[in-house]
Asker: 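Just dropping this structure here.
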Number of protein chains: 2
Amino acid sequence: MVAKKNTDERSLWERLENPAPSPRPSLSARKFAWTAVGIADAEGLDAITMRRLATELDVAPMAAYRYVAGKDEVLLLMGDLVYAELEIPEAGLGWREVHRLVALRTRELLLRHTWLARLPPEAVLTPSPNRLNISERCMASFDGLGIDADEKMAAYRTVDSFVGGAAGTEVAVASLMGEKGWASGDDVRGGLAPQMSYLVQSGRYPSFRAWSMEAVRKDDRAWQFELGLECVLDGLSARLGI
Amino acid sequence: MVAKKNTDERSLWERLENPAPSPRPSLSARKFAWTAVGIADAEGLDAITMRRLATELDVAPMAAYRYVAGKDEVLLLMGDLVYAELEIPEAGLGWREVHRLVALRTRELLLRHTWLARLPPEAVLTPSPNRLNISERCMASFDGLGIDADEKMAAYRTVDSFVGGAAGTEVAVASLMGEKGWASGDDVRGGLAPQMSYLVQSGRYPSFRAWSMEAVRKDDRAWQFELGLECVLDGLSARLGI
DNA sequence: TCTGCTGAGATACAACGTACACAAGGATGT
DNA sequence: ACATCCTTGTGTACGTTGTATCTCAGCAGA
């Protein structure tokens with residue numbers, strides 16, 4: 001009574017934790033998701049195909065549908081799986097340190113799995129265990145500081161938004177490099193140059209032109225990220241009095 | 001010598017501004033992009049199909065390929081077109097006000113066109129005129145404040161990252177509502193409840209549970225956004241001494 | 001009028017997600 | 001030991017997608 005495809009109304013997570021004692025369970029939803037993670041890491045999100053997953057596991061194209069409602073559920077599961085890699089900060093740390101660590105580690109995670117930021121909205125919004133573990137730790141770090149529940153959520157979301165946005169752009173660069181076979185930041189600039197040079201040479205963007213001539217660090221994203229992160233944390237500290 | 005599909009090596013923007021004087025120019029790249037925007041606004045990004053665009057314009061399925069290298073270029077163009085809606089802050093405003101206005105207006109733009117945040121990486125990274133106009137205004141707002149080119153870019157990117165991340169989540173909610181036909185925030189909570197309740201009832205997420213019982217504003221995203229934005233601006237002001 | 005080029009159409013193909021019906025083979029009750 | 005059922009995995013098939021390629025129609029310049 002477990003994986004009869006469309007007839008099982010239980011949530012994905014419930015099904016995963018309570019699999020029916022079955023005769024021949026050689027496959028599983030997690031197995032599909034793990035191989036999907038492997039493929040996506042190596043070849044990008046577009047390489048994830050129900051057929052590809054099947055061939056990778058030496059199984060018929062439709063085999064996955066016994067364990068998963070559809071491709072969307074595979075993506076959802078992939079998203080949750082990799083978040084298990086993120087080490088949750090130890091107990092006893094202050095809120096600022098907790099959020100700093102989570103931010104830095106999330107960035108690394110996103111850069112390691114560049115497809116993560118490109119999952120469909122459903123996969124991002126649906127609550128999932130490993131993601132919730134992290135949110136829980138972040139929210140808990142505000143306990144006892146005298147701020148209310150709404151402020152806790154707002155503060156958490158603020159840091160998380162910054163991280164998602166900043167890493168998202170970095171990831172876009174990285175996944176574009178993967179698609180196009182570019183290796184360095186120079187390749188990126190070179191690849192985008194045809195579009196860029198025509199526009200910049202028009203003289204309509206003087207500040208941009210100035211930056212490209214004066215800047216020393218150019219696109220040091222790690223530096224930009226850490227600077228921005230400290231700004232956000234400073235701001236929270238000041239506005240919420242924590 | 002303009003739109004011979006694969007033989008024209010010029011950048012998209014150059015081609016748009018200098019169309020070849022042609023005998024019968026009834027179609028154009030922009031025409032396809034505009035109808036695409038209309039469809040995406042009404043039915044979401046997944047409704048954008050080369051065939052759909054063609055039928056919408058009463059034209060053969062392959063007609064667009066004379067003006068556009070492929071679907072990706074349509075998406076790129078869509079992204080640029082809607083950014084023209086964003087009113088650029090008037091001259092004479094201080095950097096903080098400029099960035100505040102751009103941030104608020106970008107959020108509104110993203111919520112108005114929920115597909116915008118889901119364009120492929122190429123469409124986000126490729127420099128485009130209307131997007132560059134905004135970046136230019138933001139970068140220029142730092143002139144004469146005594147910060148160097150690298151700091152300008154870092155500061156701009158910081159605000160932009162926060163905006164992108166925060167609005168991105170809001171947009172994910174909105175586009176999920178569009179897909180599922182949900183109308184209110186309660187519908188969202190209701191739709192996600194099957195996944196959520198199993199997890200939260202497990203007792204593994206006490207802080208989350210506490211929030212859902214104690215919070216008053218629940219998910220007031222606009223409030224969260226403005227609070228976060230002020231934090232970011234405060235932080236930049238302090239760290240860069242501007 | 002002839003030649004050549006260009007805008008648009010028609011046809012075609014491979015790849016995708018997934019619905020559906022069916023077969024194989026342990027588990028179970030007797 | 002045997003018959004039964006239920007679950008797992010297969011085979012086949014359909015509709016939809018992006019796009020390569022060939023073809024034709026009609027205006028330009030000679």
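Predicted, not measured: the structure shown is a model, and the values here were computed from it. Just so it is clear: chains get the letters A, B, ... in the order the sequence lines come, proteins before strands, and each one is counted from 1.
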Asker: Can you measure B/Arg52 atom CZ to D/dT17 atom P for me and round it to whole angstrom units?
Answerer: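 My rounded result for the distance is 10 Å.
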Asker: Could you tell me how far apart A/Asp46 (CG) and C/dG17 (P) are, to the nearest whole angstrom?
Answerer: 11 Å
Asker: Does C/dA8 have OP1 or OP2 sitting under 4.0 Å from an N or O in the side chain of B/Tyr67?
Answerer: yes
Asker: Less than 3.5 Å apart, any donor N or O on the side chain of B/Trp115 or B/Asp46 sitting next to an acceptor on the other?
Answerer: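 Not at all, the side chains of B/Trp115 and B/Asp46 share no donor-acceptor pair under 3.5 Å.
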Asker: Counting C-beta onward and ignoring hydrogens, is there a side-chain heavy-atom pair between B/Arg204 and A/Glu136 closer than 4.5 Å?
Answerer: no
Asker: Need one value for A/Leu57: base, sugar-phosphate or nothing, where a base atom within 4.0 Å counts as base even if backbone is also close, heavy atoms only.
Answerer: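 If one applies the 4.0 Å heavy-atom cut-off, A/Leu57 turns out to touch nothing in the nucleic acid.
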Asker: Please report, rounded to the nearest Å, how far the P atom of C/dG17 is from the CG atom of A/Leu53.
Answerer: 9 Å
Asker: Quick one: closest heavy-atom pair of A/Trp223 and B/Ala154, and the distance?
Answerer: CZ3-CB, 3.7 Å
Asker: Taking atom P of C/dC16 as reference, at what distance in whole Å does atom CG of A/Leu75 sit?
Answerer: 14 Å
Asker: When you measure from the side chain of B/Met62, which nucleotide among C/dG17, C/dT11, D/dG9 comes out closest?
Answerer: C/dT11
Asker: Report the distance from atom CG of A/Asp58 to atom C1' of D/dT10, rounded to the nearest whole Å.
Answerer: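 To the nearest whole Å, that distance equals 14 Å.
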Asker: What is the distance, to the nearest angstrom, from the CE atom on A/Met50 to the P atom on D/dG9?
Answerer: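 After rounding, the reported distance stands at 14 Å.
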Asker: Rounded to the nearest angstrom, tell me the gap between atom CZ in B/Phe32 and atom P in D/dG18.
Answerer: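 Taking CZ of B/Phe32 and P of D/dG18, I get 13 Å after rounding.
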Asker: Around A/Arg131, counting heavy atoms of other residues, nucleotides and ligands shown, do more than 12 lie under 6.0 Å from its CZ?
Answerer: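 Enclosed.
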Asker: For DNA chain D, whose closest nucleotide is more 5', that of A/Arg51 or that of A/Ala63?
Answerer: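 Per heavy-atom nearest nucleotide, the more 5' residue is A/Ala63.
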Asker: Which whole-number value in Å describes the distance from A/Lys71 NZ to D/dT17 P?
Answerer: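 Atom-to-atom, A/Lys71 to D/dT17, this comes out as 15 Å.
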Asker: Nearest to the A/Arg66 side chain among D/dT21, C/dT18, D/dT8, which nucleotide is it?
Answerer: D/dT8
